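Report on one structure; see the data block that follows.
Just so you know, these numbers use all the heavy atoms, side chains as well, and skip hydrogens, waters and symmetry mates. None of the values given here were measured: they were computed from a predicted structure. Sequential numbering from 1 along the given sequence is applied to the chain's residues. In listed order, ligands and their atoms are each counted from 1.
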Amino acid sequence: MCGIVGYVGPKSVIDILTNGLSKLEYRGYDSAGVAVNSNGKIKIYKAEGKLQNLKDLLETHRSEITNTTAGIGHIRWATHGAPTTINAHPHSCNCGKLVLVHNGIVENYKELREELKGCGCIFKTETDTEVVAHLIAHEYGKLNDLPKAVRAAAKRLKGAYALCVMHQDDPNMIVGTRKNAPLIVAMGQGENYLASDSPAIIEYTKRVIYLDDDQFAVLTPTSVLITDIDGKQVAKKEEILPWEPVAMSKMGYKHFMLKEIHEQPDVIRNVLSGKLPDITKPIVLDEVKLTKEQIKNLKRIEIIACGTSLHAALVAKYILEAFTNIPVDVEPSSEYIYRKTVTDANTLVIGISQSGETSDTITAIRQAKAVGSHVLIITNRPDSIMAREADSLIPVNAGIEVSVAATKSFNAQLIALYLFSMYVAEIKGSFDSSKIEQLKHEMMMLPQKIETVLSHEESIIKCARAFASYKNFIYIARGINYPTALEGALKLKEISYINATGYPAGELKHGPIAMLDETMPVLAILMPGSIVYEKILSNAEEAKARNARMIALTSAEDPHLEDVFEYILKVPAVDEYLSPVIASVPLQLLAYYIAEFLGKDVDQPRNLAKSVTVE
Ligand code: AGP
């Protein structure tokens with residue numbers, strides 16, 4: 001969750017660290033800090049709130065930060081201890097010579113703190129991270145060698161961590177290690193970097209090494225040494241990052257979220273490219289390593305994911321079951337990991353994750369792999385932990401998603417899931433081939449249809465203005481668009497903080513209808529196709545009869561809708577199977593414009609982080 005940058009080299013350490021941290025800031029943080037070795041002394045600067053506060057602080061001290069050799073920086077998403085300046089990283093030992101930044105949660109920090117107090121360590125904070133600083137310093141006192149001290153301390157730690165450490169007496173060195181939290185090494189010319197994610201360093205170099213759990217990196221300006229926990233050198237492959245620095249620009253849009261919503265037509269074209277050559281030809285998914293025999297023998301599919309990715313998984317349940325006749329279970333990763341893992345070699349486990357770094361989903365796929373299931377990962381980050389641990393992969397090619405609220409990655413995941421469902425159906429012969437051809441054709445038309453939705457933003461803006469002052473919202477739908485209702489409600493909650501809930505429309509009268517009156521607007525998703533259209537309409541009428549203000553999201557040309565709904569958000573007609581892709585776009589825009597009217601921090605909503613790397 002926290003962002004880490006480390007640098008050793010001749011450039012201005014402060015500039016490299018603050019620039020790197022600003023590239024991670026989009027992920028949502030509440031305090032920041034840096035430590036630099038300047039004129040042979042460790043200096044620490046920290047500030048509460050946005051990164052700008054730290055930048056302002058550093059400006060006032062710039063004249064004293066000269067002759068820098070190395071530095072570490074951190075932006076924090078508070079777990080242990082409030083988001084205050086004192087709790088911000090870096091943390092240091094008693095003498096202040098050893099400093100570190102940390103991402104993750106050290107579970108045994110309380111026992112370690114008691115032990116270290118007995119050795120004379122004085123604690124200034126309640127954080128787990130400060131304990132690690134004292135622990136490494138304690139080992140350094142015995143070993144007088146920073147890499148050895150970090151390795152010795154790591155043997156005592158339980159939990160998740162990515163650490164970046166430096167010591168005043170080793171002015172040209174930084175040491176990093178990780179366990180269940182991301183950390184990459186990046187190599188420049190006469191300079192080297194550590195970072196929790198590639199946007200922090202991509203401006204300087206694309207050459208990276210992905211550290212595995214329990215590996216240690218010792219960096220000087222001219223060398224990178226990777227070892228295991230016993231200090232034995234490990235040979236690692238250098239890789240080239242698949243991103244361009246331009247991905248981090250707003251390109252004239254007010255917010256990244258709006259830019260990313262507008263990128264969706266091109267994102268869908270990218271996902272389809274090479275995988276859907278022609279409607280008469282089979283789907284091509286080269287990175288799916290399951291044999292035809294294995295696919296034919298699948299007895300069950302389990303999909304695990306969190307948040308928006310979980311909503312994509314719920315849509316996938318409808319299509320996979322319809323196209324392949326294979327039963328599909330969907331579960332939040334955070335629940336999956338605390339149950340017995342009842343899966344086997346005839347169960348395909350699909351993990352969906354934009355970031356590929358979500359801690360709970362990583363744990364879940366590892367559990368499934370351990371009992372013999374083939375793990376397929378659908379992710380936007382082919383450079384992530386999940387992608388690297390997958391048996392099969394479908395990269396979704398949505399480009400870096402900067403806004404904390406996921407938009408384009410959702411639709412990219414959906415397209416990947418449609419392709420996979422058709423791929424399995426074609427191998428099994430389990431779905432009408434002419435219907436698949438028709439759906440392939442319609443999929444190719446989706447970008448144009450989204451462009452039509454995007455060119456009619458005024459009606460959505462008008463609706464957003466009319467409803468921005470409400471404190472509560474209900475979204476209803478049935479069937480394949482029930483997950484779309486959940487996703488629409490999640491978007492509104494995340495960026496406007498309005499209490500929005502998605503319900504299957506048929507569930508309204510089993511409880512939620514009690515809340516309905518003129519203060520509770522109801523948005524109904526009515527996409528024609530199966531029988532559920534009429535059912536949702538009649539549920540909407542029940543809501544209207546309780547004085548709820550009504551909004552419809554529909555592609556139907558149905559004059560009766562005007563009797564029920566005050567606002568009708570129109571989208572182009574589309575096959576019902578594909579309708580979540582089209583229906584999600586006005587919901588993203590509605591959430592965006594409501595948050596805009598309310599003056600919220602759209603791209604970095606409070607309390608949220610883009611990549612949830614702790615449990
Ligand atoms: C989406 O808008 C959220 N920010 C969040 O729910 C997110 O989808 C969730 O944390 C899962 O992340 P992942 O897709 O990177 O695994």
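- Closest protein heavy atom to atom 9 (C) of ligand 1: C306 O, 3.7 Å.
- The closest protein non-hydrogen atom to atom 15 (O) of ligand 1 is S355 OG, 2.7 Å.
- Interface atoms of ligand 1 facing A405, defined by a heavy-atom separation under 4.0 Å, are 2 (O).
- Classification of D213 and K179 as a salt-bridged pair fails, no side-chain N sitting under 4.0 Å from a carboxylate O.
- The closest donor-acceptor contact from the side chain of S409 to the backbone of A406 lies at 3.5 Å or more, if one exists at all.
- At distances below 3.5 Å, not a single donor-acceptor pair connects side-chain atoms of Y418 with backbone N or O atoms of M443.
- Not a single N or O atom of L490, backbone or side chain, sits closer than 3.5 Å to an N or O atom of ligand 1.
- Taking only nitrogen or oxygen atoms, main chain and side chain alike, T361 does not reach within less than 3.5 Å of ligand 1.
- Less than 4.0 angstrom separates some heavy atom of S309 from each of these atoms of ligand 1: 8 (O), 13 (P), 14 (O).
- Below 4.0 Å from some heavy atom of A406 lie the following atoms of ligand 1, by number and element: 1 (C), 2 (O).
- At the shortest separation from atom 10 (O) of ligand 1 among protein heavy atoms lies V612 CG2, 3.9 Å.
- A side chain to side chain contact (heavy atoms under 4.5 Å, CB included) with I201 holds for exactly one of N19, V208, V185; it is V208.
- What sits closest to atom 6 (O) of ligand 1 on the protein, heavy atoms only, is G307 CA, 3.2 Å.
- The shortest heavy-atom distance from V404 to ligand 1 is under 4.0 Å.
- One side chain, D344 or T347, offers a donor N or O that lies under 3.5 Å from an acceptor on the other.
- Residue V328 is tested with I319, I350, L314, I301 for a side chain to side chain contact (heavy atoms under 4.5 Å, CB included); the sole match is I301.
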For this session: Decide salt bridge (Lys or Arg N to Asp or Glu O under 4.0 Å) for K23 and E203; before the verdict, give the C-alpha distance in whole Å, the side-chain angles of both, and the deciding distance to 0.1 Å.
Result: CA-CA 10 Å; K23 298 292 160 41; E203 207 172 295; 2.6 Å; yes
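- Within the listing of ligand 1, atoms 13 (P), 14 (O), 15 (O), 16 (O) sit less than 4.0 angstrom from a heavy atom of S353.
- The proximity of E357 to ligand 1, defined as any non-hydrogen pair under 4.0 Å, does not occur for either the backbone or the side chain.
- Of the candidates I461, L569, L258, L258 is the only one forming a side chain to side chain contact (heavy atoms under 4.5 Å, CB included) with L589.
- At distances below 3.5 Å, at least one donor-acceptor pair connects side-chain atoms of T554 with backbone N or O atoms of L526.
- Closest to atom 5 (C) of ligand 1, if we only count protein heavy atoms, is E494 OE2, 4.0 Å.
- Regarding atom 7 (C) of ligand 1, its nearest protein heavy-atom neighbour is T308 N, 4.1 Å.
- In terms of heavy-atom proximity, E263 sits nearest to K408 at OE1-NZ, 2.7 Å.
- Residue contacts with ligand 1, taken as heavy atom pairs separated by less than 4.0 Å, involve T358 solely via side-chain atoms from C-beta onward.
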